Amino acid sequence: MGLRNGSLVCDYCSSTVFSFEPFQIAWAAKDSSDPKAGFSYITQTWQEIDDGENKGCNWCDVLWGEIPFWYQHRKKEESPMPEETFKITVRFEKRNSEDEIVLKVTIEDDWTPRYQVRCDPDENAAAFVPGRKLVWQVGSPRAFKLASDCLTQCTLRHNCPKPQETSLPTRVIDCSDPERPKLVLTKGMQGFYAALSYVWGEPQPHSVCTTKLSTYLESIDILLLPKTIRDAIFCTHNLNLRYLWADTLCILQDLDEDKQREIPQMCDIYRCAYVTIIAASSWKVSEGFLHNRKKPVETLLPFLCPDGKLGTISVDEDDRPMPSKEPVNRRAWCFQERLLSPRTLVYASHTLQYQCQTAMSEIGDIWNYLPSTKQGEMRLPDMMASHTPSRTLSSNDVEVVLTAWRSVLRDYTQRAVSDPSDRLVAISGIAQLFQRWWGDSNRYIAGLWERDLSTDLLWYRDSPSYGSLVTGQFLAPSWSWAATIGCIAAGWDKRAGNIIWEVQSCNAIPVSDNHPLGQVKGGRLIVRAIMRDVTWDPAEPELF
């Protein structure tokens, strides 16, 4: 791009789309509800666009990528003729919130690709463009500084509750010297701590056990720990936090009694953590999560600021990675660890993200917060974000809690557990939170709720999960969804008609009295109903 007579003109294809007047029309369109708003023009010939792209014109590069795609899908031909020209409409748009700007390029009023617009914080354009470039060096001092800023400013920006010092878990890792971490027996100490959520994916021979506990209380050889645990210790230290909770080092892995004491505490461990570090992109614990991400491919374009200054923006295709594809989002244990955490740092495959109850952001893109629901990830209802449940639930509150639980089951049961007997255990922290909200008005029975038992019994296996079927092993009573592996649809199905049975009694026997909401070893259900003989043809298995 070169400056000619006060206008930006492409040196190769002579495009004037970035001249002052056309650019201001495109920029003003972000405040217009008219779908036709923006600056429209007829391009140079396809040959000139092709030449411009080969010689380094970034705007030609954008058109060179989009026009053939449109041509192949609409005209069913491989590429345009050299002399062809095209109508292009350029506009900026706001998306999801006042603080997210995208560039929309419409080809022949038909094909409308959108590009995320970002810039560096010290750019002239930064005063007008809220988006910031993705952080791909997620383990850099800058990334830790930006993450710390998000944590300290969340209360002001999103009205989130201010974190309070809390009773520390039974054991935590002291990260004050990340090269020589050690275990601490807290004995009622108060403070802030980070929690870790990650995929094991393989054995951890250096987990804490009864024979190693005394040694680890003195110091832990950092080189013996898998990369994800080392990264978590380094991350905690650089977030200016002293303590970290990670299951592999804070629960005695060879002592069932300790597991029965500690696992029932996981609801509070994650609820009370200052932040939960989520190693979202790692398939196994030896991979770590602080490595550099793939540097984003960006296209730089000039930006004529409304104040007359010349700035630069970067645009990239509006193709957000899907959270469902991350390894942690395929594992059952990781679900409650994220859902229970009020604030998380997500080390995703493409960048570092921050998420709280109200919103989420890509770190560095500090003003670009999106509602969590827009990311396709479940969050607890806002009313359940409070640490103090209401004494009584209104009829509307009851419906909110019931709906939330059904959403929990659908998401959770899609995920895999390495040990099928953990089917109820790995969701017990969420069940504990729901139990607090129900209080004495409801009872949790092997994955079902007594208050709505007739409806809860109508669950059905909707689709397979990432796990495999289990035979010959007792997981739960046959009337509980936990007795099978697969994605569960919970609640009343209108195809079933009215419920005309009466539940007379229902009970489950927990494996451990210390963990009544966890694994069960038996149960009994008595239902009074009209019996009818039916014939079911396995070749035609539709029941309704």
Side-chain angles (χ1 to χ4, degrees), residues 381 392-414 420-421 423-428 430-432 434-435 437-465 467-511 516-544:
T392 57
L393 297 178
S394 67
S395 58
N396 184 63
D397 291 340
V398 168
E399 188 58 36
V400 167
V401 175
L402 287 173
T403 301
W405 178 255
R406 289 165 190 158
S407 298
V408 163
L409 284 189
R410 174 165 287 276
D411 196 324
Y412 173 75
T413 55
Q414 294 180 61
S421 64
R423 185 87 155 144
L424 285 170
V425 182
I427 197 178
S428 61
I430 299 176
Q432 187 178 129
F434 275 76
Q435 182 71 80
W437 277 85
W438 284 120
D440 295 333
S441 67
N442 209 346
R443 185 166 60 102
Y444 185 71
I445 312 170
L448 310 179
W449 292 99
E450 185 176 41
R451 178 172 181 155
D452 208 39
L453 194 54
S454 291
T455 299
D456 278 5
L457 286 166
L458 293 175
W459 62 267
Y460 58 96
R461 189 168 178 265
D462 194 33
S463 63
S465 71
S468 56
L469 291 175
V470 178
T471 57
Q473 179 182 358
F474 179 83
L475 302 180
S478 60
W479 38 263
S480 168
W481 55 263
T484 186
I485 299 294
C487 180
I488 298 304
W492 178 74
D493 190 309
K494 63 182 180 181
R495 295 174 297 173
N498 294 326
I499 299 171
I500 55 174
W501 66 67
E502 176 189 344
V503 177
Q504 295 191 325
S505 69
C506 184
N507 292 284
I509 306 169
V511 168
L517 305 186
Q519 186 180 359
V520 299
K521 57 185 179 182
R524 187 182 187 191
L525 170 69
I526 299 177
V527 175
R528 186 172 186 271
I530 299 170
M531 300 293 290
R532 178 178 296 173
D533 289 332
V534 296
T535 300
W536 178 54
D537 182 358
E540 298 289 340
E542 182 64 52
L543 295 179
F544 301 109

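Since the model is a prediction, treat every value here as computed from it, not as a measurement.
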Of the non-hydrogen atoms in [X] and [Y], which two are nearest, and what is the gap between them?
X	Y	answer
T455	R406	CG2-NH2, 3.6 Å
R423	A482	CG-O, 3.7 Å
R461	I488	CA-CD1, 3.9 Å
P381	A404	CG-CB, 3.6 Å
A476	L424	CB-CD1, 4.3 Å
Y412	A426	OH-CB, 3.3 Å

Do the side chains of [Y] and [X] get nearer than 4.5 Å, heavy atoms only?
X	Y	value
W481	L448	yes
C506	L453	yes
W437	D397	no
I445	W479	yes
V503	L457	yes
S421	F474	no

For residues 442-451, which residue pairs qualify under side-chain hydrogen bond (donor to acceptor under 3.5 Å, both in side chains), counting only residues two or more places apart or in two chains? R443-E450, R443-N507
Between [X] (side chain) and [Y] (backbone), is there a donor-acceptor pair under 3.5 Å?
X	Y	result
Q435	G439	yes
S441	W438	yes
S480	G447	no
Q414	R410	yes

Result block: side-chain N/O donor-acceptor pairs under 3.5 angstrom for residues 516-530, not counting sequence neighbours:
none

side-chain hydrogen bond (donor to acceptor under 3.5 Å, both in side chains) filter on S428, not counting sequence neighbours, yields H515
If you apply the rule side chain to side chain contact (heavy atoms under 4.5 Å, CB included), what do you find for V408 with F434, and how did you get there? CA-CA 11 Å; V408 163; F434 275 76; 4.3 Å; yes
Can W405 and I430 be said to form a side chain to side chain contact (heavy atoms under 4.5 Å, CB included), step by step? CA-CA 9 Å; W405 178 255; I430 299 176; 4.1 Å; yes
